[in-house]
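Reviewing the structure listed below.
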Amino acid sequence: MISQIPGGAQGLEQLVCDGKTLRGSAVETDDGCHRFVAQVTVYARALGVALAQKSYDTHESSERAALKELLSTLELEGTLIQADALHTTQAFFAGASPRAPTCS
């Protein structure tokens, strides 16, 4: 992706975003789905620190919604955001659903 940016990533602030499931938090629900607590983090590469974190229950929200909420609190002009492929769809940028998908 960096090769697609004119001049590369030099001069751009870089934020790395990632979500993780909290160990031991998964439980099976009555309908056979799994519910767990997860956390998404926005990490400032140059500073070497997490700028923002959000924990959520997967029954009530999703990683996409949590990351959108975190990014909405930051100034992103001139920033390269690195995230999993989950966040590269048009729906993420157009307004992802705040609810997690239902178990099927």
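Note that the structure is a prediction, hence the values are computed from the model and not measured. In this chain, residues are counted from 1 in sequence order.
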remark   = Between the CG atom in D57 and the OG atom in S62, the distance rounded to the nearest 0.5 Å is 11.5 Å
request  = Mind checking the NZ-NZ spacing from K68 to K54? Nearest 0.5 Å is all I need.
outcome  = 14.0 Å
query = Is the shortest heavy-atom distance from the side chain of L70 to the side chain of T41 under 4.5 Å?
reply = no
key: Nearest non-hydrogen partners of A66 and S61, listed with the distance   = N-OG, 4.4 Å
note = Residues G48 and Y43: closest non-hydrogen pair is CA-OH, 3.2 Å
ask   = Under a single-linkage definition using a 4.5 Å side-chain heavy-atom cutoff for Ile, Leu, Val, Met, Phe, Trp and Tyr, are V42 and L76 assigned to the same hydrophobic cluster?
value = yes
query = Side-chain heavy atoms under 4.5 angstrom apart, residues restricted to Ile, Leu, Val, Met, Phe, Trp, Tyr: same cluster for L51 and V16?
reply = no
request  = Group every Ile, Leu, Val, Met, Phe, Trp and Tyr by side-chain heavy-atom contacts under 4.5 Å, then state whether I81 and V40 land in the same group.
outcome  = yes
ask   = Is the shortest heavy-atom distance from the side chain of L74 to the side chain of L15 under 4.5 Å?
value = yes
Backbone N/O of E77 and side chain of E75: donor-acceptor pair under 3.5 Å = yes
ask   = If you look at every heavy atom in E69 and T73, which pair is closest and at what distance?
value = O-CG2, 3.5 Å
note = To the nearest 0.5 Å, atom CG of D18 lies from atom CD of E63 at 6.5 Å
T58, V27, L22 screened by side chain to side chain contact (heavy atoms under 4.5 Å, CB included) with F36, the one that passes = T58
message = Can you confirm whether Q82 sits close enough to L80 that some side-chain heavy atom of one is under 4.5 Å from a side-chain heavy atom of the other?
response = yes
